[in-house]
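A short worksheet on the structure shown next.
Computed from a predicted model, the values in this text were never measured in an experiment. Order of listing sets the numbers, starting from 1, for every ligand and every atom in it. The figures here come from the full heavy-atom set of this structure, side chains too, leaving out hydrogens, waters and symmetry mates. FYI, the numbering just counts along the sequence from 1.
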Amino acid sequence: MIVSALILGIAGQIPSPMSAQQDHARLLKELGIERLRPGKDGMNPKNPNFANTDEAKSNPYPTIPALMTLNDGRAVAARRDWPKRRAEIVELLDREIYGRTPKRTPGVKWEVASTENLEIGGVKAVSQKLVGHVDNSSCPEIKVDIQLSLTLPAEVSRKSPVVLEFGFVFPRRPGAPATPPPPAPVWQVDALKRGWGFAILDPNSVQADNGGGLNRGIIGLVNKGLPRKSDDWGALKAWAWGAGRCLDLFSKNPKIDAKKVAIEGISRYGKASAVTMAYDQRFSAALIGSSGQGGVKIWRRDNGETVENVAGSGEYHWMAGNYVRYAGPLTPGDMPVDGHQLLALCAPRPTFVGIVSPKVEGIWIDLMGTFMATKLASPAWELLGKKGLSVTELPAEGTPAMAGDLAFSGHTGGHTNVPNFPSFFEFCARYWDKK
Ligand code: GCU
């Protein structure tokens, strides 16, 4: 053993990547789990295992962990109790759900790959492509180069707020048709017109969206190519780490107001936006779009996608290894923490929970569970002296509830945040463009 480790060390080789299935099987073995319960089918309503959509059957575990009760049973009664409760929730999320971001992570050196002067929607702007080279001196075999684009309005009299998006770039399958051109940059133009910048981070350049990539990317680099421990960070935490490095960069840019940087994403990147906003308290605002299971919704519900789906080999890499235990032998009802507590960690900062129309999008995302989590998180804003969610009943589609510092808005379209941007920008402007 020692000899072979030494040989590996001397030769400077690291274990080769595993497939997601292999790593998932390795994880189950390590946790002593024989098999997991399968996830729900989201496609075929004739399948007996089709995802539930009946609200009456959606809450098999009626007890949801209390937000405002400390682990020792005492009530969180005053603002001064919050740091303790916050730390307790962070520990549960770290250990059981998302994994622990390492205390020390390698530094990032940013390089400007290109600079272009453009006119976008009639606004003069400067757009840069940036590459964040992650220090890999501890394991030169693993290279991590963070890909970011940053566009700032050119003619402004003050530092610009910036909206940072987790860009949705699906890897192209071999033989698949070329990706269609990106849609007209609607929200980007709106941002520039307000004197704000926008930035797009490619999450996959930080950490692959695939369990097979877990011993590469930033997670693999820190682990020197070895498989994850069961409470190590998953891709959501790694993507959030990447967003944090972008914010470091923005903080050094004299043209950017780094106290006014929002994080935004949809779907798996809605989950990542929630995790980023919850953990990195420097972010000023967030649009958490259709984050679904593992994001801002009540996880123990049985409606649309379930914990079992996320625990499968196609999605487990988003989470800590420990998370899969809740798909067997444990149940989602055994989770000591839930999605409203993740959202509560965003308080008291302005947070906008967005969702799409189930009529257009389908049943996967659990509209009601998302609203429940938002409502249950609201007391955190109130405790911290802000205004929580302004409604108590699910608002009609296309009617954003945004009078408070925690907003909820279901738009009438499909799987995109775009229709929610005008409301989100109005919401941000309340904080960023105060006269
Ligand atoms: C799948 C997955 C969801 C995820 C979504 C997406 O549908 O089950 O959890 O949010 O992909 O990222 O588009």
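Close approach to Lys271 involves these atoms of ligand 1, each under 4.0 Å from a residue heavy atom: 3 (C), 4 (C), 9 (O), 10 (O). Against a heavy-atom cut-off of under 4.0 Å, His415 is close to the following atoms of ligand 1: 13 (O). Near Trp318, with a cut-off below 4.0 Å to any heavy atom, the atoms of ligand 1 are 2 (C), 4 (C), 9 (O).
Ligand 1 has no nitrogen or oxygen under 3.5 angstrom from a nitrogen or oxygen of Ser291. Polar contact check, Gln293 against ligand 1: no nitrogen or oxygen pair lies under 3.5 Å apart.
A side chain to side chain contact (heavy atoms under 4.5 Å, CB included) with Ile266 is found for exactly one of Val418, Ile355, Asn417, namely Asn417.
Ring pair Trp187/Phe421 is parallel by interplanar angle, where below 30° counts as parallel and above 60° as perpendicular.
Side-chain contact check for Thr101 and Lys237: at least one donor-acceptor pair (N or O, by modelled atom type) lies under 3.5 Å.
Between Tyr323 and Trp318, the ring center distance fails the sub-6.0 Å criterion.
For Tyr269, no heavy-atom contact with ligand 1 is shorter than 4.0 Å. Contacts between Glu305 and ligand 1 below 4.0 angstrom, taking non-hydrogen atoms only, involve the side chain exclusively.
Contact record, Trp299 with Asp338: N-OD1, 2.5 Å, taken as the closest heavy-atom pair.
Comment: Arg100 engages Glu91 in a salt bridge, judged by a side-chain N to carboxylate O separation of less than 4.0 angstrom.
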